[in-house]
Amino acid sequence: MKKAEFIRNVAIIAHVDHGKTTLVDKLLRQSGTVAAHKEMAERAMDSNDQERERGITILAKCTTVNYKSDSGDVFTLNIVDTPGHADFGGEVERVLKMVDSVLLLIDAVEGPMPQTRFVLRKSLALGLKPIVVINKIDRPNARLDEVLNMCFDLFVALKATDEQLDFPVIYASAKKGYAMNDPKEPAIDMRPIFERIIKSVPAPDADVDAPFCMQVATLSYDAFVGRLAVGRVYDGRVTVGSRVAVLGQNDVNSFGRISKIVRFQGLERVEASEAKAGDIIMIAGLDTVLPGDTIGAPDGTKRLPAMEIDEPTISMLFMVNTSPFAGREGKFVTSRHIRDRLMRELEADVSLRVEDTESAETFRVSGRGELHLSVLLERMRREGYELAVSQPKVILKKDEKGHTLEPMEIVVVECGEDYQGTVINKLSMRKGELKVLEPSGEGMCRMEYLIPSRGLIGFRSEFLTDTRGTGVLYSNFDHYAPFRGDIGGRANGALVALEPGDTTAYALYRLQDRGLMFMGTAENVYGGQIIGQHAKENDLVINPCTKKALTNIRSAGADEKLTLVPPRLHTLESALEWIDDDELVEVTPTSIRIRKAVLDHNRRKR
C-alpha cells in the first residue's frame with residue numbers, strides 16, 4: 001500500500017454566511033496559487049450568476065493549492081468549497097466522500113447554527129475528524145470561549161467519538177486574512193491553517209499500483225467535450241486514452257475511453273496527461289456516467305458503495321403554461337421541452353426527484369426546500385423556459401402503524417426584543433414548539449423552534465414584515481414526526497383581474513383602498529390574473545383597466561392629481577411563498593405573474 005503522502009483532501013463546511021468562500025479566497029491568495037498582482041473578484045469561487053446575485057454558494061466547487069510547509073516539503077491541498085444552505089445539502093453529502101477531513105467554520109458571534117449541526121452530523125457519520133475554525137474573531141462582540149463550549153456540546157450531542165471530540169481549534173478572520181492557534185498570538189497570515197491541515201488531515205489511503213478506481217461525486221458540462229465527471233481517484237492511475245468501465249448503481253455497466261483529464265489549479269482548470277490515487281480530477285469521454293457511479297479498470301473493478309443522500313421534503317407541480325399570454329416570452333414552452341430539461345437536471349442533482357402525474361403536461365418535482373426548487377426555476381427561466389408552478393407542498397410519509405408523519409425543521413430566529421412577542425405568537429399558530437429563548441445582546445433575542453416544514457411555507461416574508469426587516473431566520477430539516485394537525489393558510493384574499501387589458505392609473509387609484517397592488521400602470525393583464533392582495537380574507541374580482549369617461553363637461557376634479565401607492569413587486573421566491581392552493585405562479589424569461597389555477601370566474605365559483 002503506497003500512500004499519496006504529499007496530498008491532502010479537505011472540504012470546508014459551515015452554516016450559510018459563516019465565511020467559507022471568503023476563507024478559500026485568502027487561502028488561494030496567500031498560498032501564491034493566485035499571483036499577488038493578479039486581480040481576483042471577491043468570493044471568486046462563487047462563479048455562478050445566481051451565486052453572485054444571492055451572495056450564497058449553490059454548487060460545491062474544487063480548487064487545488066500548492067503549499068510549501070515549514071519543513072520544506074511541497075504539499076498539494078485539494079480544497080472543496082461547499083454550500084451553506086440546507087436546501088443544497090445534497091451537494092455537501094456528495095463531496096464529503098471525496099475528502100479525508102473537513103474544516104468546520106463557526107461564526108465567533110452566532111456560534112453553531114442549524115446547518116452547522118447538519119453538516120457536522122454527516123461528517124461524523126463518515127468517521128471524519130473535523131478541524132474547528134472559529135471565524136470572524138475580529139468582530140467587536142465575538143465570544144470565543146462561549147462559542148467553543150457550544151461547539152463541544154454540539155459534538156457531544158451528535159455522539160462524536162473520543163477521537164473526534166479531541167478536535168484541533170484555529171481562530172481566524174478570513175476577511176482580514178489571518179489565523180492563529182491561540183487568540184493571544186499575533187495576527188500575521190493564514191499559515192496556521194495550512195500547517196494544521198498538513199498535520200491533522202491524513203494522507204489519502206490509496207494504492208498507486210492497484211487497478212484504477214474512481215467514484216463520481218458531481219457532474220459538470222463543457223460545450224466542446226460534453227459531460228465532465230468530477231471525483232476522487234481512490235486507487236491506481238489513469239491516462240488520457242485509457243479504456244475504462246463505468247459501473248452504475250443499478251447494475252448498469254458500460255465502457256468508454258478517457259478523452260481528457262482536467263486538474264484544478266486555483267481558479268483555473270488545467271489539462272493533464274495523467275492522474276493518480278488521491279487526486280481530485282475531472283474526466284471527459286463518458287457520456288452515460290452519473291453521480292455515484294464507479295469508474296475503473298475494465299477488468300475486475302469493484303463497485304464502490306452508493307452515496308447515501310437524504311430524501312426530498314418539498315414538492316411542487318411544474319406544468320405547461322396555459323395562460324392567455326402563453327408563448328409570448330418563452331422559447332421552450334411545451335411539455336416535451338420541460339420534461340427533457342428536468343431529466344437533464346436529474347443527472348446532475350441527486351437530491352432532486354421528478355415524477356409523472358395523471359396529466360401529460362404536469363410533472364411533480366421534489367427537492368430539499370423552496371430555495372432548492374426556486375433556484376432550478378430561475379435557472380430554467382434564464383435558459384428561455386416558460387412554465388407554471390403550484391404552491392410548494394411538504395412530502396408526508398406513513399410509519400409501520402399507518403400513522404401520518406411530516407417533516408420537522410429546527411428554526412433559529414434572531415430578532416429585536418420588541419418583536420419577540422409577535423414572532424412567538426406567529427410561530428405558535430404554525431404549530432411551532434419553542435425550545436430555546438435567550439438574549440443575544442444589544443436588545444436582540446435568540447429563539448430556537450421545532451416546527452413542521454409546512455408551517456414555514458409563506459412565513460419568511462411575513463416574518464420580515466413583522467420585524468421591520470431586522471430579523472434573521474435559519475432553518476434546517478431535522479426529522480419526521482407525527483402530523484400536527486391543520487395549519488391556517490394565508491389570512492388575506494386576492495384581487496383578481498376581471499378581463500384582459502392595460503391597467504390604468506384612474507382604475508388603480510380607486511382600487512388601492514381595497515388592498516395592496518402587485519403591479520403599476522400600463523401593464524398588460526388577463527382575466528383571472530392576480531394583481532394584488534385583498535385587505536379582507538375573501539377574493540375580490542376587480543377591473544384595473546377602467547378608463548376615465550371623456551365628456552364635454554368640465555368637472556370639479558378634472559385636474560385632480562392621482563397619487564398611487566408603490567406596488568409590491570414579487571420575486572420568484574416571494575411569489576411561491578404568497579400563493580395558495582388554487583393559485584399558480586407563471587414563470588417566463590421576462591416576467592413573474594400570479595394567477596388563479598382556474599381563470600374563468602364563473603367556474604371558480606362552482
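Numbers for residues simply follow the sequence, beginning at 1. The structure displayed is predicted, hence computed values, not measured ones.
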Check against side chain to side chain contact (heavy atoms under 4.5 Å, CB included), Y419 and R468: CA-CA 9 Å; Y419 311 121; R468 304 294 187 271; 3.3 Å; yes
Step-by-step side chain to side chain donor-acceptor pair (under 3.5 Å) determination, T504 to R510: CA-CA 10 Å; T504 65; R510 282 155 179 77; over 6 Å; no
Trace of the side chain to side chain contact (heavy atoms under 4.5 Å, CB included) decision for V389 with L377: CA-CA 9 Å; V389 293; L377 281 168; 3.6 Å; yes
Test side chain to side chain contact (heavy atoms under 4.5 Å, CB included) applied to H601 and V496, step by step: CA-CA 9 Å; H601 308 303; V496 186; 4.0 Å; yes
Candidate pair T503 and M519, rule side chain to side chain contact (heavy atoms under 4.5 Å, CB included), full reasoning: CA-CA 9 Å; T503 58; M519 57 179 56; 4.1 Å; yes
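Across every non-hydrogen atom of V289 and A229, the tightest pair is CG1-CB, 3.9 Å. I531 and A497 get closest at one heavy-atom pair: CG2-CB, 4.2 Å. Heavy atoms only, all atoms of each residue included: P544 and L508 are closest at CB-CD2, 4.1 Å. Nearest approach of L219 to L290, heavy atoms of both residues: CD1-CA, 4.3 Å. Here the closest heavy-atom approach between residue T288 and residue D293 is recorded as O-OD2, 4.2 Å. Taking every heavy atom of both residues into account, V525 and E499 meet most closely at CG2-O, 4.2 Å.
Looking at I487 and I457, their side chains never come closer than 4.5 Å, going by heavy atoms from C-beta outward. Looking at R339 and F363, their side chains come closer than 4.5 Å, going by heavy atoms from C-beta outward. Annotation: side chain of L376 is in contact with side chain of F318 (closest heavy-atom distance under 4.5 Å). Under the 4.5 Å side-chain criterion, counting only non-hydrogen atoms from C-beta, T588 is not in contact with F325. S123 is listed as a side-chain neighbour of L96, based on a closest heavy-atom distance under 4.5 Å. Counting only heavy atoms from C-beta outward, the side chains of I594 and I579 approach each other to under 4.5 Å. Side-chain contact between T571 and I592 is absent, with no heavy-atom pair separated by less than 4.5 Å. Residues V365 and M316 have side chains not in contact (no heavy-atom distance under 4.5 Å, counting atoms from C-beta outward).
Here CG of L427 is found 11.5 Å from CG of L450. Values are rounded to the nearest 0.5 Å. Within the model, atoms CD1 of I314 and CG of L576 stand 11.0 Å from one another, a figure rounded to the nearest 0.5 Å. Note that CD1 of I338 and OH of Y385 are 9.0 Å apart. Values are rounded to the nearest 0.5 Å. The OG atom of S390 sits 9.0 Å away from atom CG of D581, with the distance rounded to the nearest 0.5 Å. How far CD of Q420 is from CD of E414: 12.5 Å, rounded to the nearest 0.5 Å. Atom CZ of residue F459 and atom CZ of residue R454 lie 15.0 Å apart, to the nearest 0.5 angstrom.
Taking 4.0 Å as the cut-off between side-chain N and carboxylate O, R593 and E329 count as a salt-bridged pair. The pair D356-R364 does not count as a salt bridge, with every side-chain nitrogen at least 4.0 angstrom from each carboxylate oxygen. The pair R595-E586 fails the salt-bridge criterion, with no side-chain N (NZ, NE, NH1 or NH2) lying under 4.0 Å from an Asp/Glu carboxylate O. We find that E383 and R379 are not joined by a salt bridge, their nearest charged nitrogen and carboxylate oxygen being 4.0 Å or further apart.
Distance alone, capped at 3.5 Å, places no donor-acceptor pair between the H403 side chain and the D399 backbone. The main-chain N or O of T563 is found under 3.5 Å from a side-chain atom of Q512 such that the two form a donor-acceptor pair. With hydrogens and angles disregarded, a donor-acceptor distance shorter than 3.5 Å links the side chain of R227 to the backbone of D287. Of the possible donor and acceptor atoms, none in the side chain of D107 sits under 3.5 Å from a partner among the backbone N and O of G111. With T362 contributing its side chain and S359 its backbone, the two residues share no donor-acceptor pair below 3.5 Å.
Within 6.0 Å of CE in M343 there are more than 12 heavy atoms belonging to other residues, nucleotides or ligands. For R117, the CZ atom counts as loosely surrounded, since its 6.0 Å shell holds 12 or fewer non-hydrogen atoms of other residues, nucleotides or ligands. Counting non-hydrogen atoms of other residues, nucleotides and ligands closer than 6.0 Å to CG of N538 gives a total above 12.
Paired with W578 under the rule side-chain hydrogen bond (donor to acceptor under 3.5 Å, both in side chains), one option of E583, Q533, E462 passes, and it is Q533. Only one option out of R604, R514, K596 pairs with D539 in a salt bridge (Lys or Arg N to Asp or Glu O under 4.0 Å); it is K596.
In this structure, F518 has its ring center under 6.0 Å from that of H570.
Residues S453 and E409 bring a donor and an acceptor atom of their side chains to less than 3.5 Å of each other. In this model, a donor atom of one side chain and an acceptor atom of the other lie less than 3.5 Å apart for E573 and S374. A donor-acceptor contact closer than 3.5 angstrom links the side chains of S475 and R460. At a cut-off of 3.5 Å, with distance as the only test, no side-chain donor of E537 or N492 sits close to an acceptor on the other residue.
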Can you give the donor-acceptor pairs under 3.5 Å from side chains of residues 477-484 to other protein atoms, not counting sequence neighbours?
unit_1	atom_1	unit_2	atom_2	d
Y480	OH	I395	O	3.0
R484	NH1	K431	O	3.0
R484	NH2	E433	OE1	3.0

